[in-house]
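Data first, discussion second: the structure below is written as structure tokens.
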Amino acid sequence: MSMVPRSTADRADASLLRLTALCLLGGMAILTLYFGRDVLLPCAVAVLLAFILGRLVSLVNRVMPLSLSVAVVVVAAIVFIGLLAVLVTVQLAEVAGSLTGYQANLHKKVQDVREILQGSGALGRFVAMLVSLGQEFTANVEAAPERVVHLQTDSGFERITALLAPLLHPVLSISIIVILVIFILLDREHLSDQIVRLFGANDVHATSEAIADAASRLGRVLSLQVITNLGFAAVVGVGLFVLGLPNAVLWGLLAGGFRFVPYIGAAVGALLPTLIAFAIMPGWLHPLMVAGWIVLWDVLIGQIIEPLLFGDSVGVTPLALVLSAILWGTLWGPLGILLSTPLTICLLVLGRHVPQLRFLQILLGHEPALTPYQRIYGRLIRRAVVDASSVALAEIEEKGPEKGLDDAMGRMVVLAEADRALDRLSAAQIDAIVDGTDEILDFIGVESDERAPPAPFAADAVARVRFVCLGGRGQIDDAAAAIIAFALRRTGSEVVRLRHGDSAPIEPEEQGVQLLPVVCYASRPSAAVRRYTSRKLGVDGGNRACHAVIDYDVAATATRPVEDIVASRDILAGDVATICRVMTQHAVAVTTPPAVSAAAAS
């Protein structure tokens, strides 16, 4: 008979079934995107152009009807893109025709490189080998026999067909894109309502919010990308013109266009004009100045201007953008690379608003996938104590000593105890968590040596009390005791920390200083555990020992007098900050005469 509960097995089978279905759906989606690219690619381009032009249509629509606004904006966009295409084509033709005139300069540069590398050891021999191979290849090409080409006379119709055939597919695609853009802009509101009715008729608010989020993010990102890249193209073109590089307009436009490709586009845009400058400009300074000018402005725009303009509009990690560019480039070619960023943003929005696709937000979003205490927990299991200490210190510096300690270390030890109760942790992992907790607290204590001053009535009591914090049941409770002891020390209290395995009982008093035992737990103990721990400590007959449990799911028991909690062997439950405050009140209660204690409470 299986020892695994049926509900657990059913959940495992359901998770496996969902994973299998998700993999099948993902594979079918990728195959559909690849084999349907001739239809889907124009549709995607049209939708993204509609997002870019939508704001212009809204502005123009304030002064003229919608149909006329769409016509004006679309015609203006076609004219603008057409002029850019003609300009780039003419400039490329000029570059191709002028390259043969710079053969002498290229030959001189090669000779300079050979002279520098001559006699420089292995590198010089490698270059010499490449040169000799190039000479042999050239000789073989020159010695190749002439081929006889037989010209075949075709009719005029066949020549025209052969000329127009390569242009047919691009012209049809562009026509489809223009038509789709026009109809999308004319019918935006109705299309939005149809999407809401199709995918979210039962939850109109959530679906409308998702559509508005996607439209806002895409429209803002695409518009700002167009503006910043056009500005980059203008600055680069002017700079290259001043440096004397021919066809500076072409290189500026290409640099701006390549910046649409995330991260690697700017490098490609800088490489082409640098190579041209190397070929046509004398010396070595000018090519370096060309590359430096482009890189300088790419860094300024990418690291200063774009973060100020974009803010959190993208919300996608750099790694996700690069992987997305590789994926969409494989599926849809160069246009897929250009469309990768907006398509990834669409997937991120789906993951944010559709619960079944929440994994997309985790994979693509820049928000931390784990909370700070989960990150600390995972790093302690891997014995990466330095990384865990950095996360804890950052949380404390951001949220303050009390809140930061609770959110970083308190919740971490509660999570560890939950996994220990489910038998998910090995003995070595438990040791790593407990020892790592001590090291993190030592690191935090050195980095942030701040102590919160005790309350006026508590100052004298704290000086005459020594808290003894120890774990109640096992090693994870020892970690909880270490955290509570650390927090009590910050209040100016004197604290002794013992481990669960320490068998020596606690003496009631030591040289006029009262010892207040605090038995610490990371989860609620049973009454039997509390009685056993009290007898083991030798405080079962007294009334000063307190059982404190770090618990974030229930309200703290601060409304109940701590003396009653201690006397009844009850549990003091709450976050670490609350436990420390209540224990300070307990110190006041056991060291202050009743009249003074009543005055302090009032």
(Q) If I take atom CG from residue Leu415 and atom CD from residue Gln374, how far apart are they, to the nearest 0.5 angstrom? (A) 6.5 Å
Q: Assess whether side-chain contact (heavy atoms from CB on, under 4.5 Å) is satisfied between Ser340 and Leu321, documenting all intermediate values.
A: CA-CA 7 Å; Ser340 61; Leu321 287 177; over 6 Å; no
Keeping [X] on the side-chain end and [Y] on the backbone end, is there a donor-acceptor pair under 3.5 Å?
{"X": "Arg37", "Y": "Tyr34", "answer": "yes"}
{"X": "Thr578", "Y": "Gly574", "answer": "no"}
{"X": "Ser493", "Y": "Arg489", "answer": "no"}
{"X": "Trp328", "Y": "Thr341", "answer": "no"}

Under the side-chain contact (heavy atoms from CB on, under 4.5 Å) test, which residues partner [X], sequence neighbours left out?
{"X": "Leu300", "value": "Leu296, Trp297, Ile304"}
{"X": "Ala527", "value": "Arg530, Arg531"}
{"X": "Ala270", "value": "Ile294"}

Q: Scan residues 416-425 for pairs that pass side chain to side chain donor-acceptor pair (under 3.5 Å), counting only residues two or more places apart or in two chains.
A: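 For residues 416-425: Tyr377-Asp419, Glu417-Arg420, Glu417-Ser523, Asp419-Arg424.
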(Q) If you apply the rule side-chain contact (heavy atoms from CB on, under 4.5 Å), what do you find for Thr344 with Leu364, and how did you get there? (A) CA-CA 8 Å; Thr344 306; Leu364 304 177; 4.0 Å; yes
**Q.** Reference residue Asp575; test side-chain contact (heavy atoms from CB on, under 4.5 Å); the match among Val414, Ile550, Asp406, Asp551
**A.** Asp406
Q: Return the minimal non-hydrogen interatomic distance between Leu425 and Ile381, and the atom names on each side.
A: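 So the minimum-distance heavy-atom pair works out to CD2-CD1, 4.2 Å.
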**Q.** Residue pair Gly472 / Asp477: nearest heavy atoms and the distance that separates them
**A.** N-CB, 3.5 Å
**Q.** With Arg379 via salt bridge (Lys or Arg N to Asp or Glu O under 4.0 Å) - residues at least two apart
**A.** none
Q) Got a sec, which residues hit salt bridge (Lys or Arg N to Asp or Glu O under 4.0 Å) with Asp407, two or more places apart in sequence or on another chain? A)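 Salt bridge (Lys or Arg N to Asp or Glu O under 4.0 Å) list for Asp407, sorted by chain: Lys399, Lys403, Arg411.
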Q: State whether Arg375 and Glu395 are salt-bridged, where the test is any N-O pair (Lys NZ or Arg NE/NH1/NH2 against Asp/Glu carboxylate O) under 4.0 Å.
A: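 So Arg375 does not pair with Glu395 through a salt bridge.
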